[in-house]
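What follows is a single structure, written as structure tokens, with notes after it.
First listed ligand is number 1; within each ligand, the first listed atom is number 1.
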Amino acid sequence: MTAPSLDVSGLAYAYPDGHQALFGVNLTIGRGERVALLGPNGAGKTTLVLHLNGILTAGAGTVTVAGLPVGRQHMAEIRRKVGIVFQDPDDQLFMPTVREDVAFGPAAAGLRGAALDAVVERALDRVGMAAYADRPPHHLSFGQRRRVAVATVLATEPEILVLDEPSSNLDPASRRELADVLRSLDVTVLMVTHDLPYALELCPRSLVLSEGVIAADGPTREILADEELMARHRLELPFGFVPGSVA
Ligand SMILES: Nc1ncnc2c1ncn2[C@@H]1O[C@H](COP(=O)(O)OP(=O)(O)O)[C@@H](O)[C@H]1O
Ligand SMILES: [Mg+2]
């Protein structure tokens, strides 16, 4: 039996000003699953994500990544295992070329020379950006920068890829290209999103986080079709979108 990619148990957290954001979150994500994390503004989604690689540390409860507890002891390894793609790619890309940005993580982990080149090549290939290796990131479109940000994280071979609002600010073609990339990856994915059709398209399972606890956990199609549940947690489908009608 291999350990799940992510296990969160009894996670509670209050910010230093005393505002409590998480009230005992429990969830488990198995190897290779793609799971959407849904919830209204202020539900605690970002607070939860920041606990997954130890940017915030639990007031109570535990976070375990592939059997390894998130805590001070294993921080470098945890940061490699949990690949977080932030909402704004410009927070993640800061080197003169795409190649250097993607090489940054594996180089910090000690990779050099031909082995490093091969890892960079493969990561860019997985997101369809191999032809852009020598370009400065700021010359790329927003959608291309987001895919490069995904590559910087894939380059460290993470146990779990965590994306915060991956489809925000993307035009329809870029949104679809990113979906194609995410579907093609053989990695565990946790995707925070307000884009419910995107969740349905990409994630067989969804979690609803509401007022700092997991309020629902089930097949995405069933969650989106539960009008009472959706209304209770301020989740709204786009006008005319009928989840049951999507193949
Ligand atoms: N740095 C902070 N200090 C105090 N309260 C915060 C801080 N960041 C977020 N919060 C509060 O914690 C709650 C959860 O926030 P957040 O995790 O950002 O929610 P979400 O990402 O689901 O919109 C909100 O009520 C928010 O106002
Ligand atoms: Mg947020």
Do NZ/NE/NH1/NH2 and the carboxylate oxygens of D195 and R175 come within less than 4.0 Å?
yes

Are a donor atom and an acceptor atom from the side chains of E159 and S5 found within less than 3.5 Å of each other?
yes

Where do R112 and A107 come nearest, in terms of heavy atoms and distance?
NH1-O, 3.0 Å

Within residues 70-91 or reaching into it, pairs that qualify as side chain to side chain donor-acceptor pair (under 3.5 Å) - sequence neighbours excluded:
D90-R145

Quick check: are there more than 12 heavy atoms from other residues, nucleotides or ligands sitting under 6.0 Å from CD of Q20?
yes

Dump the intermediate steps for side-chain contact (heavy atoms from CB on, under 4.5 Å) on L93 and T152, then the final yes or no.
CA-CA 8 Å; L93 306 176; T152 64; 3.8 Å; yes

Quick one: list whatever passes side chain to side chain contact (heavy atoms under 4.5 Å, CB included) with D171, sequence neighbours left out.
A173, S174

Write down, by chain and number, every protein residue that brings a non-hydrogen atom to less than 4.0 Å from an atom of ligand 1.
Y15, D17, H19, A21, P40, N41, G42, A43, G44, K45, T46, T47

The Mg ion (ligand 2): protein N, O or S atoms that are less than 2.8 Å away, sorted by chain:
T46 OG1

Hey, are R183 and D180 close enough for a salt bridge, meaning a charged N less than 4.0 Å from a carboxylate O?
yes

Kindly say whether the aromatic ring centers of Y13 and Y15 come within a distance under 6.0 Å.
yes

